[in-house]
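Below, all heavy atoms of this structure are taken into account, side chains as well, without hydrogens, waters or symmetry copies. Every value quoted in this text rests on a predicted model; they were computed, and no experiment measured them.
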Amino acid sequence: MNQLVTNIYTKCRQLPPLKEGSYFHSRKLMEVLEAAPHQRPYMVVVTDEKGNELSHMLGIVRYRTLILPPYLMIHCRVLGEGVYADPTTKDELLDEMLRALTQKLDNRVLYIEVSHMSQKMLGYKHLKQAGYYPVNWISIHNSLHRRAPEERITEKLQRTIDNTHKRGVKTELVKTEEDFKAFSRLLRKHNILKPKRFIPDDLFFKKVMENGDGELFLTKYHGWVIGCAAVVYSEGDAYLWYSAFRRKTFHNLHPDTMVVWDVMKYAYEKGYQHMRFMDVGLPYGKNPYREFILKFGGKEQSTYRWFRFSIKWVNKLLAWIYRE
């Protein structure tokens with residue numbers, strides 16, 4: 001490979017033209033992140049000596065306020081391995097981009113998290129050498145292009161869905177300001193006791209929706225909002241990024257089941273290839289959310305999430321705890 005030139009950009013106006021690919025590493029997402037508060041984009045771009053782009057990858061730095069010390073936590077998420085002009089050079093270029101991003105953010109963030117790799121072992125050697133440690137994780141996706149969603153669920157679940165629809169539960173796109181406020185209110189209330197779950201500012205969701213890269217959904221029952229979801233679209237797939245449900249108050253209406261099912265049906269009818277669930281969780285023996293998602297007939301896959309803490313002794317301790 002020719003000599004590599006690596007640059008990191010934090011402003012969209014400085015970006016060179018980028019190749020099309022994953023939405024999670026796109027100029028469009030970077031523009032949203034730059035406009036919305038509490039997040040900052042870091043786009044790593046690798047070119048050859050002639051200026052031809054070889055790859056790019058977006059790191060998302062998030063600023064979160066906490067009730068307890070240290071009161072402010074800064075971390076970075078990388079969702080997938082980036083975009084490449086030549087897939088055969090992916091391993092080497094991934095190493096180059098991660099090293100550049102790690103060096104740039106070292107001591108500026110508490111930790112960096114790399115997730116949603118297309119292959120479990122992609123970059124394993126280079127991530128280890130850069131000081132990252134892997135944690136076993138689970139991913140689930142539903143294929144929508146081979147069979148209809150109805151063909152993948154049990155008759156019992158289908159009856160539950162049909163009966164709940166008949167009772168008046170329906171899922172709609174968020175189109176009005178009133179609906180958007182209801183979406184934001186439920187999403188934040190649902191996640192208030194989940195400290196790891198970062199919920200972006202309202203402006204983030206508005207920008208994604210306005211740009212046509214995603215859609216927001218509300219599940220209602222005679223005017224009551226009982227569920228919501230945020231979905232983004234990338235490379236022919238639909239990604240369930242955020243969701244919330246009022247399971248305790250409306251238990252008999254199965255709000256979690258209804259919002260996921262209706263969103264999946266919407267993606268199927270729009271011709272998307274897969275429904276991908278962004279945060280299924282750790283591969284514990286008993287994982288209620290994983291079991292819930294699997295009842296829709298999806299495929300479970302083992303993967304890694306990679307972490308690197310800037311505090312060296314913390315990183316070594318966690319690497320030892322999660323050693324394979």
Side-chain angles (χ1 to χ4, degrees), residues 138-175 179-180 182-194 197 199 214-233 237-301:
I138 292 294
S139 67
I140 296 176
H141 72 270
N142 284 57
S143 295
L144 303 178
H145 61 291
R146 294 181 180 177
R147 290 192 291 167
E150 290 88 348
E151 299 177 41
R152 297 182 181 274
I153 61 175
T154 64
E155 292 183 6
K156 180 180 179 181
L157 180 56
Q158 186 67 68
R159 285 196 302 270
T160 298
I161 293 169
D162 292 342
N163 290 335
T164 309
H165 277 146
K166 289 177 182 178
R167 294 177 63 184
V169 172
K170 57 182 179 180
T171 301
E172 304 170 341
L173 289 170
V174 170
K175 294 183 178 180
D179 279 348
F180 181 82
F183 164 86
S184 177
R185 187 162 51 245
L186 177 56
L187 183 65
R188 297 180 193 287
K189 184 177 180 181
H190 179 82
N191 289 280
I192 194 169
L193 296 178
K194 300 179 180 180
R197 190 69 163 150
I199 304 299
E215 290 174 305
L216 309 181
F217 297 83
L218 281 184
T219 299
K220 299 180 179 179
Y221 173 68
H222 298 302
W224 292 92
V225 174
I226 64 173
C228 68
V231 177
V232 294
Y233 306 111
D237 289 346
Y239 291 77
L240 181 62
W241 203 347
Y242 298 94
S243 60
F245 334 101
R246 298 183 66 184
R247 282 177 291 199
K248 293 182 179 180
T249 309
F250 295 93
H251 175 74
N252 293 333
L253 295 174
H254 314 282
D256 49 354
T257 296
M258 299 310 295
V259 68
V260 172
W261 174 258
D262 286 346
V263 167
M264 189 183 302
K265 278 288 293 181
Y266 180 88
Y268 170 73
E269 291 167 358
K270 291 293 184 179
Y272 290 98
Q273 298 292 297
H274 303 92
M275 187 82 205
R276 299 188 181 276
F277 300 91
M278 294 289 285
D279 284 296
V280 178
L282 293 162
Y284 294 136
K286 291 184 178 181
N287 184 326
Y289 186 66
R290 178 189 65 199
E291 298 305 317
F292 163 69
I293 294 299
L294 284 173
K295 75 179 184 179
F296 296 99
K299 182 179 180 181
E300 183 180 20
Q301 291 180 314

With rounding to the nearest 0.5 Å, note down the distance linking CD in Gln273 to CG in Asp237. 7.0 Å

Can you find a pair of side-chain heavy atoms, one from Leu216 and one from Leu173, that are under 4.5 Å apart? no

Cationic N near anionic O, under 4.0 Å, Arg167 to Asp162: no

Any non-hydrogen side-chain atom of Arg247 less than 4.5 Å from a side-chain atom of Phe250? no

With the side chain counted from C-beta on, respond yes when Arg246 and Lys189 share a heavy-atom pair under 4.5 Å apart, and no when they do not. no

Aromatic ring proximity His141/Phe277, centre distance under 6.0 Å: no

Return the NE2 to SG distance between His190 and Cys228, rounded to the nearest 0.5 Å. 8.0 Å

Using 0.5 Å steps for rounding, measure from the CD1 atom of Ile226 to the CG atom of Leu253. 5.0 Å

Any side-chain heavy-atom pair of Leu144 and Pro149 under 4.5 Å: yes

Measure up the Trp261 and Phe296 rings against each other and bin them: parallel (under 30°), tilted (30 to 60°), perpendicular (over 60°). parallel

Identify the two heavy atoms, one from Asn191 and one from Leu187, that lie closest to each other, and give their separation to 0.1 Å. ND2-O, 2.8 Å

Counting heavy atoms not belonging to Lys295, are there more than 12 under 6.0 Å from its NZ? yes

Can you tell me if CD on Glu155 sees more than 12 non-hydrogen neighbours from other groups inside 6.0 Å? no

Spatial distance of atom NE2 (His222) from atom NZ (Lys170) [nearest 0.5 Å]: 9.5 Å

Ring centres of Phe183 and Phe217 under 6.0 Å apart? no

Do Ser143 and Arg147 get their side chains close enough for a donor-acceptor pair, meaning under 3.5 Å? no

Measuring centre to centre across the rings, with the benzene-like ring taken for any Trp, is Tyr233 within less than 6.0 Å of Tyr239? no

Matching residue for Val169 among Thr257, Ile161, Val259, Thr219 - test: side chain to side chain contact (heavy atoms under 4.5 Å, CB included): Thr219

Do Arg290 and Glu300 come close enough that some side-chain heavy atom pair is under 4.5 Å? yes

Does any non-hydrogen side-chain atom of Asn287 lie less than 4.5 Å from one of Phe292? no

Measure the CE-CG distance between Met264 and Asp262 for me, rounded to the nearest 0.5 Å. 10.5 Å

Yes or no on salt bridge (charged side-chain N to carboxylate O under 4.0 Å, His left out) for Arg197 and Asp279, after CA distance, side-chain angles and deciding distance? CA-CA 10 Å; Arg197 190 69 163 150; Asp279 284 296; 2.8 Å; yes

Verdict with reasoning, His165 to Met258, per side-chain contact (heavy atoms from CB on, under 4.5 Å): CA-CA 8 Å; His165 277 146; Met258 299 310 295; 3.3 Å; yes

Criterion side-chain contact (heavy atoms from CB on, under 4.5 Å) on Lys220 and Asp179, from CA distance to verdict: CA-CA 10 Å; Lys220 299 180 179 179; Asp179 279 348; 3.0 Å; yes

Interatomic spacing from CG in Asp256 to CD1 in Ile293 - rounded to 0.5 Å: 8.5 Å

Hey, is Glu150 close enough to Arg152 for a salt bridge, meaning N to O under 4.0 Å? no

Heavy-atom check, side chain of Ile140 versus side chain of Leu294, under 4.5 Å: yes

Any side-chain heavy atom of Asn142 within less than 4.5 Å of one from His274? no

With a 3.5 Å distance limit and no angle check, can you tell me whether Thr164 reaches the backbone of Thr160 through a side-chain donor-acceptor pair? yes

